[in-house]
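For clarity, every value in this text was computed on a predicted model and none was experimentally measured. Letters go in sequence order (proteins before strands), and every chain restarts at 1.
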Protein chains: 2
Amino acid sequence: MKKPSPIAGVDERLFLQSVARALDVLEAFAQNPRPKSLGEIATAAGLNKSAAQRIGQTLLARGYLEKGEGGGLMLGKRLLDRSFDYLRSNPLIERATPMLNELRKRTGERVDLSLFDDTTTIYAIRLQSKRETFYATLPGRRIPTFASSGGRACLAHLPDAHVDDILARSERVPLTRKTLTEIPQIWEKIREARANAYSHAVEEALIGEVVLAAPVLDMDRKPIGAVHIAGSLSEWSIDDFRQRLAPLAVEAARALSGA
Amino acid sequence: MKKPSPIAGVDERLFLQSVARALDVLEAFAQNPRPKSLGEIATAAGLNKSAAQRIGQTLLARGYLEKGEGGGLMLGKRLLDRSFDYLRSNPLIERATPMLNELRKRTGERVDLSLFDDTTTIYAIRLQSKRETFYATLPGRRIPTFASSGGRACLAHLPDAHVDDILARSERVPLTRKTLTEIPQIWEKIREARANAYSHAVEEALIGEVVLAAPVLDMDRKPIGAVHIAGSLSEWSIDDFRQRLAPLAVEAARALSGA
DNA sequence: TCACAGAGTATCGCTTTGCAATATGCGCGT
DNA sequence: ACGCGCATATTGCAAAGCGATACTCTGTGA
């Protein structure tokens with residue numbers, strides 16, 4: 001079996017192929033998280049069936065996969081344990097949790113904390129208020145940096161060359177028909193975010209939703225995440241939403257910044 | 001390197017040692033989730049330093065570990081992605097999410113969904129209402145089945161012998177000075193849960209907290225989880241809490257049961 | 001009824017992958 | 001200066017993991 005080309009920055013002798021394949025198996029459920037037969041796992045993870053069997057049995061034994069009711073294997077509860085460890089390891093999440101709860105109560109809208117991660121941003125805290133679509137309630141969801149108010153709020157605090165690099169590497173597919181995907185349009189939004197200290201998006205990720213986000217910066221003024229407030233266009237005009245709620249998001253994000 | 005004794009139910013030739021060791025590394029952060037040097041990882045995971053280096057580099061390359069600001073390695077955001085996949089793979093969580101949000105709004109208290117997992121129960125949905133302790137806001141937290149209202153609500157729906165087996169295998173250490181750890185006491189609570197269709201606990205997991213839970217059953221009437229409502233003893237008398245809120249939890253759990 | 005496909009499970013000889021031990025450089029504290 | 005712990009780098013070897021294959025069972029369609 002031939003080692004793949006070395007992962008950037010890691011000596012290939014230090015890179016464990018079998019561990020990577022096990023991660024491929026877990027990641028194979030990202031495109032479709034429903035239970036899978038070993039054959040399906042093999043196909044989705046790019047393995048042969050023997051490999052899927054061995055990796056599947058190992059992950060099953062450790063609780064990272066579980067048997068599906070109708071046969072096959074599904075993801076296992078141990079993934080929640082690892083996520084719990086992640087959430088409690090992150091001081092920003094711990095500091096933000098009570099503040100965002102206050103913000104949710106004060107605004108009566110959905111409030112999120114996202115973490116900036118290069119070409120995507122990932123939601124770490126999701127606090128529902130009214131009725132939400134299911135995925136909007138789940139920690140761990142990723143959204144492209146270029147298309148999210150929180151992502152653009154963070155990009156606003158990066159040097160232009162770094163922004164250009166991220167945009168160039170981003171797969172700029174639209175999430176809705178309102179998603180801005182052209183670099184000049186996105187740059188316009190980033191300049192606006194630089195001027196306003198927050199960024200907003202209207203129906204770019206979800207039809208009917210207006211959302212604004214203010215960046216959280218670390219001690220070196222580098223963006224590490226964003227505080228989001230999301231509302232419904234059936235209840236808010238865009239201008240009202242921004243006028244009323246942006247100062248609150250900016251205040252919360254500032255209070256979280258710097259440490 | 002010698003294979004360990006075979007994991008129950010898995011042929012040792014199908015069990016991948018190196019994958020298991022990588023999981024050991026991730027799990028090493030459970031006892032203390034702060035950043036760790038390679039030496040600390042090695043010690044905590046029971047490995048030598050070379051192994052920690054190879055596994056650490058692999059997990060780093062794949063985003064499951066990240067570099068800590070002060071050096072060392074910490075858990076990485078990819079764990080949230082995997083947890084996201086788990087959450088959206090589970091039909092009960094999807095069905096429960098809007099219902100629990102309604103329940104939170106209706107009660108004005110914290111509402112959770114837990115999943116029954118043998119000697120522990122694990123929280124999958126956490127909906128804060130008032131101020132909560134940080135860990136009480138996090139999905140993925142585990143609590144012993146014997147000591148949680150949700151766990152006991154589930155035990156109430158198991159045959160006696162199965163309950164005895166779980167209790168015998170449980171590490172019955174107290175969470176607070178109010179935690180019931182003696183098997184006869186716990187059985188009393190299980191009998192009460194059988195009579196009431198819900199179980200309650202007072203300060204057994206957290207001082208100052210009163211919580212009740214109703215079991216969610218699958219199509220075969222086997223317990224798979226529980227709906228929890230949690231309040232503060234500074235705001236509720238135990239009797240009022242139970243009288244007012246138990247019927248709501250029982251109703252929600254019943255609506256979730258059976259599918 | 002029969003053939004086939006796909007599911008899960010089991011096996012084995014071989015070689016490649018991962019291993020343990022070791023070395024090196026750097027920074028910090030005594 | 002020295003020791004310690006950190007991160008990084010290296011190497012020969014053998015065992016761990018591999019791919020290919022076989023087997024059994026079940027469900028489906030002709």
Side-chain angles (χ1 to χ4, degrees), chain A residues 1-26 28-29 32 34-62 64-74 76, chain B residues 1-26 28-29 32 34-62 64-74 76:
Chain A
M1 190 183 64
K2 183 76 182 94
K3 289 250 191 188
S5 55
I7 303 290
V10 182
D11 182 332
E12 73 176 20
R13 294 164 305 178
L14 294 183
F15 188 80
L16 300 184
Q17 187 81 335
S18 55
V19 173
R21 292 168 109 204
L23 296 174
D24 290 339
V25 165
L26 291 176
F29 288 85
N32 183 342
R34 65 173 178 83
K36 295 184 201 302
S37 69
L38 283 175
E40 287 173 321
I41 289 174
T43 299
L47 304 170
N48 62 60
K49 205 168 138 202
S50 300
Q53 180 186 15
R54 284 190 304 275
I55 294 167
Q57 288 294 313
T58 303
L59 295 173
L60 184 64
R62 296 290 292 250
Y64 294 88
L65 291 179
E66 291 172 6
K67 297 210 170 174
E69 284 188 356
L73 297 173
M74 56 187 288
Chain B
M1 190 184 62
K2 184 76 181 88
K3 289 248 189 188
S5 57
I7 301 292
V10 183
D11 184 329
E12 72 177 24
R13 294 163 305 178
L14 294 184
F15 187 79
L16 301 184
Q17 189 76 343
S18 54
V19 172
R21 291 166 108 203
L23 297 174
D24 290 338
V25 166
L26 291 176
F29 288 84
N32 182 340
R34 65 172 179 79
K36 296 183 200 301
S37 68
L38 282 176
E40 285 173 321
I41 289 173
T43 300
L47 304 170
N48 61 59
K49 206 168 135 204
S50 298
Q53 183 187 11
R54 287 191 304 275
I55 294 167
Q57 288 296 312
T58 303
L59 295 173
L60 185 63
R62 296 291 292 250
Y64 294 89
L65 292 179
E66 293 174 5
K67 294 208 170 176
E69 285 187 356
L73 295 173
M74 56 187 289

Under 3.5 Å: donor-acceptor pair, side chain of B/S18, backbone of A/S18: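 Absent.
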Tell me which of A/L73 and B/I55 sits closer to the 5' end of DNA chain C, going by the nucleotide each one is nearest to. A/L73
Hey, which of these two, A/G71 or A/V19, hits DNA chain C nearer its 5' end, going by closest nucleotide? A/G71
For [N], take OP1 and OP2 only and decide whether either is under 4.0 Å from a side-chain N or O of [X].
X: A/S18; N: D/dC18; result: no
X: B/S37; N: D/dG5; result: no
X: B/R21; N: C/dG18; result: no

Within residues 51-61 of chain B or reaching into it, pairs that qualify as salt bridge (charged side-chain N to carboxylate O under 4.0 Å, His left out) - sequence neighbours excluded: none
Enumerate the salt bridge (charged side-chain N to carboxylate O under 4.0 Å, His left out) contacts for residues 36-46 of chain A, please, sequence neighbours excluded, ordered by first and then second residue.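 Checked against salt bridge (charged side-chain N to carboxylate O under 4.0 Å, His left out) - neighbours excluded - the pairs reaching residues 36-46 of chain A are A/R34-A/E40.
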Between the protein and nucleotides 25-30 of chain C, list the N/O to N/O atom pairs that are separated by less than 3.5 angstrom.
none

Taking the side chain of [X] as its heavy atoms from C-beta onward, which of [options] lies nearest to it?
X: B/R13; options: D/dT8, C/dT11, C/dA7; answer: C/dT11
X: A/L16; options: C/dG18, D/dC18, D/dT8; answer: C/dG18
X: A/D11; options: D/dT8, C/dG18, D/dT10; answer: D/dT10

Which residues pass the side-chain hydrogen bond (donor to acceptor under 3.5 Å, both in side chains) test with A/Q53, not counting sequence neighbours? none
Students often get this wrong, so: under 4.0 angstrom with heavy atoms, is A/K36 touching a base, only sugar-phosphate, or nothing?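 Counting heavy atoms under 4.0 Å across all strands, no contact is made by A/K36.
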Give, for atom [atom1] of [X] and atom [atom2] of [Y], the distance between the pair rounded to the nearest 0.5 Å.
X: B/K67; Y: B/L73; atom1: NZ; atom2: CG; value: 7.5 Å
X: A/I41; Y: A/L59; atom1: CD1; atom2: CG; value: 8.5 Å
X: B/E12; Y: B/Q17; atom1: CD; atom2: CD; value: 9.5 Å

What residues, two or more places apart in sequence or in another chain, satisfy side-chain contact (heavy atoms from CB on, under 4.5 Å) together with A/A45? A/D24, A/V25, A/A28, A/L47
Could you identify which residues of residues 38-54 of chain A place a heavy atom less than 4.0 Å from some atom of DNA chain C, listed by residue number, or say none? A/L38, A/K49, A/Q53
In whole Å, what is the span from the [atom1] atom of [X] to the [atom2] atom of [N]?
X: B/L14; N: C/dT9; atom1: CG; atom2: P; value: 10 Å
X: B/Q57; N: D/dA9; atom1: CD; atom2: C1'; value: 11 Å
X: B/E12; N: C/dA10; atom1: CD; atom2: P; value: 14 Å
X: B/F15; N: D/dG17; atom1: CZ; atom2: P; value: 9 Å

Quick one: are A/L65 and A/T58 in side-chain contact, heavy atoms under 4.5 Å? no
